[in-house]
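Right, one structure below, let's go through it.
Position 1 is the first residue of the sequence, and the numbers go up from there. Bear in mind the structure is a predicted one, so any value in this text is a computation, not a measurement. Each ligand, and each atom within it, is numbered from 1 in the order the structure gives.
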Amino acid sequence: MELAQSLQQIQPSYIREILSAATAEGVISLAGGLPDGDKFPLALMEESLLSLPNRAELFQYGNTAGYAPLLTHFKARFELPDTHTSLVCTGSQQALDLIARAYINPSDNVVMEAPSYLGALQVFGLAQANIISVSQEADGPNLQELEQCFAEQKPTIFYAVPDFHNPTGVCWTLSVRQKVAALCEQYSVTLVEDVPYRELRFTGEALPLVSSFCPDHSLVLRSFSKIATPGIRLGVVTGKAESIDPLITVKQAADLHSSIPMQAVLLDLLTHDGFDKHLSDLQALYKSRYEVLATQLTAKLPKYCHFNQVDGGMFIWVTLPPCDDFALAQAAIDNNVAVVPSSVFYQQGEKVTPALRLNFTNASVEELAIAVDRLVAVISAECGE
Ligand SMILES: Cc1ncc(COP(=O)(O)O)c(C=O)c1O
């Protein structure tokens with residue numbers, strides 16, 4: 001059977017190859033976007049999980065929009081206005097897919113910062129959207145480019161990760177947030193604000209969601225993968241009811257609904273007395289790992305490499321001099337450290353900034369220090385002392 005044209009354009013996922021090499025014995029992996037499995041809040045979930053056999057009603061078919069008590073909780077938790085509602089999804093990744101299916105026709109313009117989240121590139125690529133990149137700067141997207149793009153290309157969607165971007169870790173400033181929201185309103189572009197790392201801030205105060213400045217021109221995607229566990233596959237998309245309703249129709253066709261027992265367990269977790277402490281412990285742990293990685297990189301990286309300081313999230317982005325970033329990542333694996341080369345975060349044919357994405361949430365501080373030594377040896381060998 002011949003592959004659909006939409007799939008023929010999708011490149012095989014290099015990241016999958018890296019991740020499989022990264023699990024080889026002796027390799028320290030800074031490649032995945034994995035939370036620390038030892039810190040999953042399983043003890044907080046235990047009572048709820050053990051109660052499931054006595055809650056048979058949860059195992060019946062349920063509503064596509066989600067488990068009603070969880071939807072009620074989201075309304076209060078996210079302070080949604082009466083005009084807005086939630087749709088529970090099988091991870092926030094599914095929300096992206098539903099949005100593309102509901103709102104994107106082939107050749108429609110979708111704007112993203114470059115580099116971009118690989119999963120979003122894949123979803124909008126499969127939808128055969130015309131993906132337009134705007135450059136990302138230290139405080140968010142280049143606003144001049146963004147406005148020009150909105151004015152001239154009339155995109156349907158601006159997809160963005162304003163809190164601790166994947167892959168760069170960039171967090172938009174307040175003023176950029178306000179300006180982007182104003183542009184979305186002015187040019188009637190829907191902002192798809194994807195915030196899986198928002199609650200992983202370990203330094204400074206949270207900034208308002210960009211969508212809080214343009215609530216009627218936005219959809220917000222939240223994930224429970226990083227603050228609970230990825231395996232429960234739960235995320236949520238919120239927005240105006242009239243924008244969410246078409247997503248419910250598409251989800252009905254896709255999988256009827258996400259697991260109701262898991263939604264009930266998630267609700268019990270989010271309302272558990274110990275959940276806030278779990279979150280602050282996680283932030284403190286990731287902060288300590290980030291600080292070790294940043295300190296080691298500052299001390300040991302050659303002068304021609306640079307990296308951004310981050311206040312949260314999971315990633316550090318190390319820029320390199322002109323080089324073959326794939327070859328460098330391969331050489332790193334050969335030296336028992338796995339990282340992701342920047343090219344995978346760009347569309348094919350796009351100008352790539354040579355760089356590496358380093359994850360700091362899944363390795364111990366001892367491993368992080370060894371990983372830096374191994375990485376620096378490879379960079380020095382490939383790019384010079
Ligand atoms: C920016 C971004 N969006 C969405 C996702 C998907 O998250 P989920 O596990 O909720 O599907 C990820 C996962 O790493 C991500 O980095």
Side-chain angles (χ1 to χ4, degrees), residues 13 15-16 18-19 22 29-37 40 66 70 74 78 86-101 110-126 131 133 136 140-141 157-172 191-201 209-211 218-238 247 251 254-255 258-259 262-263 266 269-270 282 286 310 312-317 340 342 344-346 357-362:
S13 173
I15 216 161
R16 220 171 293 134
I18 289 203
L19 289 180
S29 179
L30 312 190
L34 305 184
D36 186 331
F40 290 156
L70 183 63
F74 286 157
F78 305 140
S86 313
L87 164 62
V88 176
C89 295
T90 303
S92 57
Q93 185 67 29
Q94 185 186 42
L96 263 178
D97 186 47
L98 300 179
I99 290 167
R101 289 181 200 223
V110 170
V111 183
M112 293 186 198
E113 291 172 284
S116 213
Y117 167 51
L118 184 61
L121 285 171
Q122 282 177 328
V123 163
F124 291 115
L126 276 170
I131 300 175
S133 300
Q136 187 184 62
I157 281 174
F158 176 32
Y159 168 78
V161 185
D163 286 287
F164 316 120
H165 185 262
N166 178 2
T168 60
V170 163
C171 185
W172 298 8
L191 171 74
V192 174
E193 183 171 24
D194 188 8
V195 291
Y197 305 103
R198 184 170 166 80
E199 280 157 301
L200 296 186
R201 174 182 282 279
L209 287 169
V210 182
S211 50
S218 49
L219 291 166
V220 182
L221 274 50
R222 294 177 173 88
S223 168
F224 300 98
S225 293
K226 319 297 179 186
I227 58 171
T229 90
I232 59 172
R233 302 306 303 128
L234 288 174
V236 56
V237 49
T238 58
L247 302 181
K251 182 164 167 75
D255 64 355
S258 300
S259 162
M262 279 303 119
Q263 292 184 55
L266 176 66
L269 174 66
L270 295 175
L282 202 60
Y286 292 169
V310 299
M314 291 192 161
F315 306 111
I316 284 184
W317 182 248
V340 185
S342 55
V344 305
F345 302 110
Y346 291 84
R357 187 191 76 176
L358 276 47
N359 167 272
F360 55 79
T361 57
N362 195 246

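The distance between the ring centers of Phe74 and Phe224 falls below 6.0 angstrom. If you look at Tyr197 and Phe315, their ring centroids are closer than 6.0 Å.
Side-chain atoms of Arg357 come within 3.5 Å of backbone atoms of Ala31 as a donor-acceptor pair (strictly under, hydrogens ignored). In this structure, the side chain of Arg233 engages the main chain of Pro230 through a donor-acceptor pair within 3.5 Å.
Residues with a heavy atom under 4.0 Å from ligand 1: Gly91, Ser92, Gln93, Tyr117, Tyr159, Val161, Asn166, Asp194, Pro196, Tyr197, Ser223, Ser225, Lys226, Arg233.
Each of Val220, Val236, Leu70 was evaluated against Ser86; a single residue qualifies, Val236, per the side-chain contact (heavy atoms from CB on, under 4.5 Å) test.
Proximity of Phe345 to His165: side-chain heavy atoms (C-beta onward) are nowhere separated by under 4.5 Å.
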